[in-house]
Amino acid sequence: AQSVTQLGSHVSVSEGALVLLRCNYSSSVPPYLFWYVQYPNQGLQLLLKYTSAATLVKGINGFEAEFKKSETSFHLTKPSAHMSDAAEYFCAVSDQGGKLIFGQGTTLQVKP
Amino acid sequence: KAGVTQTPRYLIKTRGQQVTLSCSPISGHRSVSWYQQTPGQGLQFLFEYFSETQRNKGNFPGRFSGRQFSNSRSEMNVSTLELGDSALYLCASSSDRGLEGNTIYFGEGSWLTVV
């Protein structure tokens, strides 16, 4: 069965610092991987999606993620954090039926 | 292009009652799925509909049901509400039926509180 694990339920960075949110996946087949962001009292917004076309995936709002098969990882990064990046971030894998299996989420706090 | 629209956004129900939540997918999208989000269980898949047929179902009791109409709009119903049903219910749509790798777009969600 496919699954994702997000390491760290809470990450705190200073404004302008590098953001690194970790996601490891488990899949017996090449996975389709996603990152979503959820702002307070809102739904999920798609940040980016990995479909095997390229290992480095660029998303919205300056985020990107790198697929590393050898490490079964799909970590999300942003070079410089903004206050507006404070939110909860979810990594997800798509199963063969198309449903998303989510990690437990990582809350990103950005300190001024 | 309008996104996924869910109504109502907030509602409070009493244990034992039932509730119906509505979802309008992105124009042209024919697949609608529902997810439940709670602090304890996180995001869990409820079911997916395509062309008015349930294509996939998660591990939820039969009290949770849904349907899809010919215009792709969907409703989900929860009967005999329990306190543990308090959650954010997210509707999502995609352009095609449940296929691995489909991009799924989410609505703002319906916040259900059961008292």
Side-chain angles (χ1 to χ4, degrees), chain A residues 1-10 21 23 25-54 57-60 65 67 74 87-107, chain B residues 2-7 9-10 21 23-26 29-50 53-60 66 87-111 113:
Chain A
Q2 290 159 306
S3 65
V4 292
T5 302
Q6 292 182 241
L7 301 176
S9 60
H10 190 98
L21 304 181
C23 173
Y25 70 89
S26 172
S27 176
S28 58
V29 297
Y32 290 93
L33 294 161
F34 304 79
W35 275 100
Y36 285 87
V37 60
Q38 185 175 36
Y39 298 102
N41 299 318
Q42 293 189 24
L44 300 175
Q45 181 180 4
L46 179 67
L47 278 175
L48 50 80
K49 169 184 174 183
Y50 169 74
T51 61
S52 78
V57 183
K58 293 190 183 298
I60 63 171
F67 175 76
F74 189 57
E88 189 160 18
Y89 292 79
F90 292 92
C91 180
V93 63
S94 173
D95 78 356
Q96 291 182 323
K99 78 171 187 275
L100 293 174
I101 300 164
F102 287 91
Q104 287 300 305
T106 298
T107 299
Chain B
V4 179
T5 305
Q6 292 187 244
T7 56
R9 288 294 317 279
Y10 304 92
L21 308 177
C23 172
S24 294
I26 291 171
H29 283 192
R30 297 168 62 191
S31 171
V32 173
S33 51
W34 291 87
Y35 290 78
Q36 182 197 63
Q37 184 178 21
T38 60
Q41 299 299 316
L43 283 151
Q44 294 185 287
F45 172 79
L46 280 157
F47 28 65
E48 187 228 348
Y49 287 86
F50 181 84
T53 301
Q54 188 180 90
R55 299 287 180 172
N56 203 351
K57 189 177 189 306
N59 188 25
F60 278 82
L88 177 64
Y89 290 89
L90 291 162
C91 176
S93 75
S94 63
S95 58
D96 205 345
R97 64 183 176 86
L99 290 176
E100 188 175 17
N102 269 355
T103 300
I104 297 175
Y105 300 92
F106 286 82
E108 296 287 291
S110 292
W111 287 93
T113 301

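Given the structure is predicted, the values throughout are model-derived calculations rather than measurements.
How far NZ of A:Lys99 is from CD of B:Gln44: 11.0 Å, rounded to the nearest 0.5 Å. Rounded to the nearest 0.5 Å, atoms CD (A:Glu88) and CG (B:Leu43) are 8.0 Å apart. Interatomic distance, CD of A:Gln104 versus CD of B:Gln41, reported as 8.0 Å (0.5 Å rounding). Rounding to the nearest 0.5 Å places NZ of A:Lys49 at 9.0 Å from CD1 of B:Ile104. With values rounded to the nearest 0.5 angstrom, A:Leu100 atom CG is found 4.0 Å from B:Tyr35 atom OH.
Using a 4.5 Å cut-off between heavy atoms, B:Gln37 touches chain A through its side chain atoms alone. Interface remark: A:Phe90 contributes side-chain atoms only to the contact with chain B (heavy atom separation under 4.5 Å). A:Gln45 does not touch chain B: none of its heavy atoms, backbone or side chain, sits under 4.5 Å away. With a 4.5 Å cut-off on non-hydrogen atoms, A:Leu44 touches chain B through its backbone and its side chain both.
When all heavy atoms of A:Leu46 and B:Tyr105 are compared, the pair lying nearest together is CD2-CE2, 4.4 Å. Taking every heavy atom of both residues into account, B:Tyr10 and A:Asn41 meet most closely at OH-CB, 4.4 Å.
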